[in-house]
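A short write-up of the structure that comes next.
By convention in this document, chain letters (A, B, ...) are assigned in the order of the sequence lines, proteins followed by strands, and residues within each chain are numbered from 1. Keep in mind that what you see is a predicted model, and the values were worked out from it rather than measured.
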Protein chains: 2
Amino acid sequence: MVQIPKQSAGRPAPVRRPVPTSADVARLAGVSRATVSYVLNNTSAVRISEPTRRRVREAAEELGYVPHAAARSLRAGHSRMVLMPAPAVPVGPLYHRFFAELQSELGRLDYTVVQYGSVGLRGDEAARAWAELRPVAVLVPGSGLGPQGVAVLKRAGARAVVTLGPERVEGAHALLMDHDRVGHCAGVHLLSRGRRRIGVVMPEEGGLEIFSRPRLDGVRRALRDTDAMVAELPLAYEEEAAARLAGRWRSLGLDAVFGYNDEYAMLLMRALQDEGVAVPDETAVVGADDLMLGRLLRPRLSTVHLDLPSGRDLAELVDRAVREPGAEPETHEVLGARVVHRASS
Amino acid sequence: MVQIPKQSAGRPAPVRRPVPTSADVARLAGVSRATVSYVLNNTSAVRISEPTRRRVREAAEELGYVPHAAARSLRAGHSRMVLMPAPAVPVGPLYHRFFAELQSELGRLDYTVVQYGSVGLRGDEAARAWAELRPVAVLVPGSGLGPQGVAVLKRAGARAVVTLGPERVEGAHALLMDHDRVGHCAGVHLLSRGRRRIGVVMPEEGGLEIFSRPRLDGVRRALRDTDAMVAELPLAYEEEAAARLAGRWRSLGLDAVFGYNDEYAMLLMRALQDEGVAVPDETAVVGADDLMLGRLLRPRLSTVHLDLPSGRDLAELVDRAVREPGAEPETHEVLGARVVHRASS
DNA sequence: TTGAAAGCGTTACCAG
DNA sequence: CTGGTAACGCTTTCAA
């Protein structure tokens with residue numbers, strides 16, 4: 001780790017000049033504050049002479065004037081800020097791509113997306129912190145927001161609250177992402193490949209239970225009313241842990257494993273191969289996320305491909321909700337899942 | 001892709017109640033707004049009777065009152081918001097881990113971290129947008145912020161501007177991340193392994209030149225004054241592209257390749273193997289980022305391990321700068337790079 | 001112990 | 001066409 005040495009300041013602050021305001025611009029341009037506002041906002045309802053416009057612009061330029069967003073939205077009574085708390089759990093590249101697209105699409109609709117780091121806070125306490133910013137919409141990934149929280153946000157003026165998570169929350173729009181489906185997909189696939197004793201990797205890394213638990217349940221659901229069985233396999237994301245698990249693999253008597261996602265699946269698959277366990281003959285392996293890397297191992301990794309909602313669709317949902325705040329909250333099942341069958345299963 | 005169907009609102013908005021203010025709380029509790037402020041902020045300079053406190057708290061609770069952050073910071077004249085524009089280019093898991101840690105550490109120091117999605121804007125135009133939020137500090141990843149931009153931010157009251165990128169910017173603290181080093185590392189390593197004709201993968205995905213160009217330069221620098229040569233290898237992150245490149249590999253006459261990062265390196269290494277090119281005997285392969293996945297391929301991927309600055313160190317730098325705004329801007333070289341030699345080279 | 005009032009930077013309204 | 005004035009929600013100083 002590169003250290004940043006701690007320096008102590010040498011000389012004292014030179015000059016701390018106050019931040020220029022529109023009044024300063026007005027003074028310098030020799031006009032009123034109202035005129036400054038008109039000119040800088042290109043207000044079309046009022047005609048300002050060209051020389052005046054120029055003087056104002058030059059004054060603003062000279063002072064380095066930048067309007068104060070807080071003052072503006074205080075005055076306006078609303079903002080176009082869409083708040084999105086940073087997800088509490090480590091998320092993968094899929095989510096980051098989704099978020100980047102969402103941000104860009106909302107930007108196109110003239111919203112400002114702000115990702116807010118609310119560490120430590122949780123539940124309705126977090127909701128209060130978000131409400132203080134008076135966002136016009138709030139997008140909450142994961143669970144943790146209750147009906148109380150939604151109410152707080154709405155009372156604070158949020159015209160749309162959208163949850164992206166496993167369950168509907170009273171009063172909020174819901175983009176349901178039920179990871180049960182992912183496991184179910186994998187389970188059905190393995191079953192159809194003739195497997196009957198199926199291991200399911202459960203990451204030991206904190207926070208991932210939110211995803212791993214429903215995925216496990218999905219596998220269980222796929223196997224209900226069959227003669228197949230499921231075994232939970234706790235696993236840390238480390239080579240040694242995978243090697244240990246592989247070392248006792250034969251004693252587990254499993255003929256297939258769902259690896260939680262591609263990364264854990266690849267880790268385990270490699271460990272199995274190093275242990276001499278034949279994939280897929282002796283044990284089939286399935287991951288999830290459809291990462292490029294899964295295609296590079298041999299055998300190529302079978303996987304569950306996830307479809308997240310398009311950023312554009314979500315952006316439009318938000319925009320609709322903002323414009324029609326009284327409308328009934330929408331609920332959409334947005335997590336698509338389908339097996340991509342490759343050589344490992 | 002899962003579609004979100006477009007619904008039209010059925011019934012009109014039920015009731016749009018105004019957002020409760022401290023005045024509403026005061027009215028309900030039968031006290032003045034000042035008293036409300038004292039109670040809710042636990043102002044120690046003033047003594048308020050316990051019954052009054054209770055009445056105020058209950059009133060706030062009943063109305064679902066949440067203070068208005070903008071109004072508060074307008075009045076206070078400053079905020080504790082640390083603004084961090086979202087990086088414009090796709091960044092990897094390393095960056096995301098770094099950012100999460102930074103956020104958590106700044107949160108510990110009682111700053112509020114906000115990641116701001118400024119798509120489309122660039123350079124000093126973006127700086128103005130950021131300045132409107134009057135953040136107490138701004139952390140700018142990548143290049144694109146000029147001295148002008150720094151000046152704008154400072155005039156708008158930012159007490160610390162920190163760039164994380166390839167070069168120092170006048171007036172700002174700089175965490176230099178010179179990716180030249182990464183390539184240099186790889187080049188020196190390959191040279192020492194006796195390689196003389198070295199390919200360097202240049203991702204075709206947009207935006208990555210910011211990193212790939214200096215990495216290439218670093219390889220070149222390592223090979224200066226030797227008899228070794230460098231060849232640029234444009235490559236899209238797709239199996240077919242890698243296969244095509246591998247198909248004409250022997251005609252290139254290279255005995256080593258630096259794959260830009262682990263992902264591109266793995267993609268290419270697999271394609272080379274599929275083409276029958278022996279790794280490392282015929283061609284050595286080196287990646288960068290030291291991802292876990294690189295250890296799972298055979299041969300295991302050699303890589304350049306990157307050390308980003310610790311979130312804690314950066315958080316402390318920010319805090320110091322905020323408290324001592326007149327201090328000389330600090331410059332630190334924070335990108336550590338070292339080769340992790342495995343079997344592919 | 002509480003209350004009245006000023007003021008933070010903007011913009012909308014309404015006279016001039 | 002332009003300029004004064006009020007108001008957004010909050011905190012804080014001063015006075016009662």
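Rounded to 10°, the helix from C:dT1-D:dA16 to C:dG16-D:dC1 has 50° between the axis fitted to its first five pairs and the one fitted to its last five.
A:Asn42 places its CG atom 17 Å from the C1' atom of C:dA12, with the value rounded to the nearest Å. If you measure from atom CZ of B:Arg27 to atom P of C:dT2, you get 19 Å, rounded to the nearest angstrom. For the pair B:Leu133 CG and C:dT10 P, the computed distance is 13 Å after rounding to whole Å. Between the CD1 atom of A:Ile48 and the C1' atom of C:dA12 there is a distance of 14 Å, rounded to whole Å. For the pair B:Arg55 CZ and C:dG3 C1', the computed distance is 14 Å after rounding to whole Å. Atom CG of A:Leu63 and atom C1' of C:dG9 are 15 Å apart (whole Å).
Between A:Asp124 and A:Arg128 there is no salt bridge, since no side-chain nitrogen of the basic residue lies less than 4.0 Å from a carboxylate oxygen of the acidic one. With salt bridges taken as basic N to acidic carboxylate O contacts below 4.0 Å, none links B:Arg159 and B:Glu324.
At a threshold of 4.0 angstrom between heavy atoms, the contacts of A:Thr52 are confined to the sugar-phosphate backbone, with no base atom among them.
By the 4.5 Å heavy-atom criterion applied to side chains, B:Thr52 and B:Thr35 are counted as neighbours. Side-chain atoms of B:Tyr116 and A:Gln115, non-hydrogen and from C-beta on, never get closer than 4.5 Å to each other.
Distance alone, capped at 3.5 Å, places no donor-acceptor pair between the A:Thr163 side chain and the A:Gly165 backbone. Judged purely by atom type and a 3.5 angstrom limit, A:Asn41 uses its side chain to pair as donor or acceptor with the backbone of A:Ser37.
Residue pairs meeting the salt bridge (charged side-chain N to carboxylate O under 4.0 Å, His left out) criterion with at least one member in residues 48-59 of chain A, sequence neighbours excluded, are A:Arg54-A:Glu58.
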Could you run through nucleotides 5-12 of chain D and give me one letter per nucleotide, 5' to 3': B if any protein heavy atom sits under 4.0 Å from the base, S if only the sugar-phosphate is that close, - if neither? BBBBBBBB
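Interatomic distance, OG of B:Ser32 versus OH of B:Tyr38, reported as 8.0 Å (0.5 Å rounding).
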